[in-house]
Amino acid sequence: MTPVDSLLVSLVRARRSHGANAVVTGAGSGIGRAFAVELAARGGHVVCADIDPERAAETAEMISATGGRAVAQFCDVSVLDDVVKLADVAVTEFGGPPTLVVNNAGVGIGGRPVGEIGMDDWNWALGINLWGVIHGCETFAPLIRAAGQGGVINVASAAGFAAAPMMGPYNVGKAGVMSLSETLSAEMSGTRVAVTVLCPTFVKTNVARDGRITDDGRGLADWLMEKTGHSPESVAAATLDANDLGRLYVVPQIDATVVWHLKRHLPAPYTWGAGLLNRLLPGERVGTEPEVVAATRTR
């Protein structure tokens with residue numbers, strides 16, 4: 001965040017992230033945990049949701065140990081009934097509707113070209129990465145409207161606009177989250193509800209270590225995370241500040257910003273270059289039978 005942004009955050013009246021009644025999915029680790037801890041540090045009351053109840057409880061306990069207010073709740077975001085139950089738990093916990101929702105839970109998947117992915121992997125990835133966010137927005141948007149003000153933060157990825165080869169289901173899901181966020185932002189225009197979509201590249205989380213990733217893929221991911229990855233804490237804080245300012249897009253890294261502009265201003269050369277880079281990099285290629293690259297359900 002630039003010094004100008006920091007000044008604006010200090011002056012802005014609609015500081016949605018401060019004292020929020022917040023729900024965070026995928027709060028058991030990584031970016032989700034960073035969002036939950038940061039929201040509590042800003043005086044918020046947080047429901048920490050995760051498919052792994054032990055990790056959710058760890059996050060809630062971390063917050064409580066520092067004097068914050070938090071509870072843990074199991075939630076598989078791909079199951080609508082779980083998300084509806086999460087909303088009911090939040091309303092009971094807060095004594096009213098939530099004022100900020102962070103749809104963060106997701107999975108990583110890649111390593112096979114379109115045509116060799118298989119419908120099971122398409123359905124699994126999109127069920128979490130896209131339908132999970134749809135479930136969150138459909139369930140919580142009416143509650144936040146009823147609250148009269150607040151925010152929605154959807155965690156997408158630079159993959160949503162980068163469209164890198166061998167990552168079809170992941171790219172499609174994240175592109176859908178971006179489009180959903182843009183649509184919801186337009187629908188909330190003129191209200192006191194702000195919608196923000198986070199589009200990072202590499203963030204230093206446990207995705208590579210927890211995932212079923214080939215040796216080549218894990219090595220490259222670890223190297224990129226080490227060299228270019230931002231901390232989840234800095235990404236979460238910057239995204240909350242952006243939502244306070246009413247900003248739609250958060251593209252926190254330089255490499256993501258470069259890709260953003262290349263894709264929009266030079267789309268044909270960008271696509272050609274992405275394909276060439278894919279052929280030059282070591283590892284599995286079209287026509288092989290690589291192991292699926294799949295991460296856990298929280299970032």
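Quick note: numbers below take in every heavy atom, side chains included, and nothing from hydrogens, waters or symmetry partners.
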**Request:** Return the set of residues passing side-chain hydrogen bond (donor to acceptor under 3.5 Å, both in side chains) with Asn154 (not counting sequence neighbours), or none when no residue passes.
**Result:**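 Here the qualifying residues are Asn103, Ser181.
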
**Asked** Of all residues at least two apart in sequence or in a different chain, which pass the side-chain hydrogen bond (donor to acceptor under 3.5 Å, both in side chains) check with Thr239?
**Response**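 Expected list: none.
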
**Asked** Could Asp121 and Arg112 be called an ion pair, given the rule that one side-chain N must be under 4.0 Å from one carboxylate O?
**Response**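 Judged by the 4.0 Å cut-off on N to carboxylate O distance, Asp121 and Arg112 do form a salt bridge.
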
**Request:** For the pair Arg42 and Asp244, find out whether any cationic side-chain nitrogen is under 4.0 Å from an anionic carboxylate oxygen.
**Result:**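 Judged by the 4.0 Å cut-off on N to carboxylate O distance, Arg42 and Asp244 do form a salt bridge.
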
Atom pair [atom1] ([X]) and [atom2] ([Y]), whose distance is rounded to the nearest 0.5 Å:
X      : Y      : atom1 : atom2 : value
Leu39  : Ile63  : CG    : CD1   : 8.0 Å
Asn129 : Ser157 : CG    : OG    : 9.0 Å
Phe161 : Tyr270 : CZ    : OH    : 8.0 Å
Asp241 : Arg15  : CG    : CZ    : 8.0 Å
Leu266 : His261 : CG    : NE2   : 12.0 Å
Thr196 : Arg16  : OG1   : CZ    : 8.0 Å

**Asked** Considering residues, nucleotides and ligands other than Glu138, do more than 12 of their heavy atoms fall under 6.0 Å from its CD?
**Response**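 Atom CD in Glu138 is not crowded, with 12 or fewer foreign heavy atoms closer than 6.0 Å.
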
**Item:** Crowding at NZ, Lys85 (>12 non-hydrogen neighbours, <6.0 Å)
**Value:**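 No.
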
**Residues Trp124, Ile109; criterion side chain to side chain contact (heavy atoms under 4.5 Å, CB included); working and verdict** = CA-CA 10 Å; Trp124 173 73; Ile109 184 169; 3.8 Å; yes

**Request:** Dump the intermediate steps for side chain to side chain contact (heavy atoms under 4.5 Å, CB included) on Val172 and Leu130, then the final yes or no.
**Result:** CA-CA 8 Å; Val172 170; Leu130 181 55; 5.5 Å; no

Which pairs, with at least one residue in [range] and sequence neighbours excluded, count as a ring-ring contact (aromatic ring centres under 6.0 Å, His included)?
range            : result
residues 49-87   : none
residues 125-146 : Trp131-His135
residues 172-199 : none

Of all the heavy-atom pairs spanning [X] and [Y], show the shortest one and how long it is.
X      : Y      : result
Ala164 : Asn171 : O-ND2, 2.8 Å
Cys75  : Leu86  : SG-CD2, 4.0 Å
Thr139 : Pro142 : O-CD, 3.6 Å
Ile144 : Pro98  : CG1-O, 3.7 Å
Ala56  : Asp50  : CB-CB, 3.8 Å
Leu100 : Val152 : CD1-N, 4.2 Å

**Prompt:** Where the side chain of Ser179 meets the backbone of Ala175, is there a donor-acceptor pair that is under 3.5 Å apart?
**Reply:**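 Such a contact is absent between Ser179 side chain and Ala175 backbone.
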
**Prompt:** Are the side chain of Thr25 and the backbone N or O of Ala105 linked by a donor-acceptor pair below 3.5 Å?
**Reply:**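 Checking the backbone N and O of Ala105 against the side chain of Thr25, a donor-acceptor pair under 3.5 Å is found.
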
**Item:** Residue pairs fulfilling side chain to side chain donor-acceptor pair (under 3.5 Å) with at least one residue in residues 59-74, sequence neighbours excluded
**Value:**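 Every pair satisfying side chain to side chain donor-acceptor pair (under 3.5 Å) with a residue in residues 59-74: Arg33-Thr59.
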
**Asked** Run the side chain to side chain contact (heavy atoms under 4.5 Å, CB included) check on Leu180 and Cys137 step by step: do they pass?
**Response** CA-CA 9 Å; Leu180 172 61; Cys137 289; 3.9 Å; yes

**Request:** Tell me, with the steps shown, if Thr191 and Arg145 meet side chain to side chain contact (heavy atoms under 4.5 Å, CB included).
**Result:** CA-CA 8 Å; Thr191 73; Arg145 285 193 186 101; over 6 Å; no

**Request:** Might you work through the side chain to side chain donor-acceptor pair (under 3.5 Å) test for Thr99 and Asn21, ending with a clear yes or no?
**Result:** CA-CA 5 Å; Thr99 59; Asn21 289 331; 5.1 Å; no

**Message:** Quick check on side-chain contact (heavy atoms from CB on, under 4.5 Å): which of Val107, Ile117, Val114 does Pro169 satisfy it with?
**Reply:**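 Between Pro169 and the candidates, side-chain contact (heavy atoms from CB on, under 4.5 Å) is satisfied uniquely by Ile117.
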
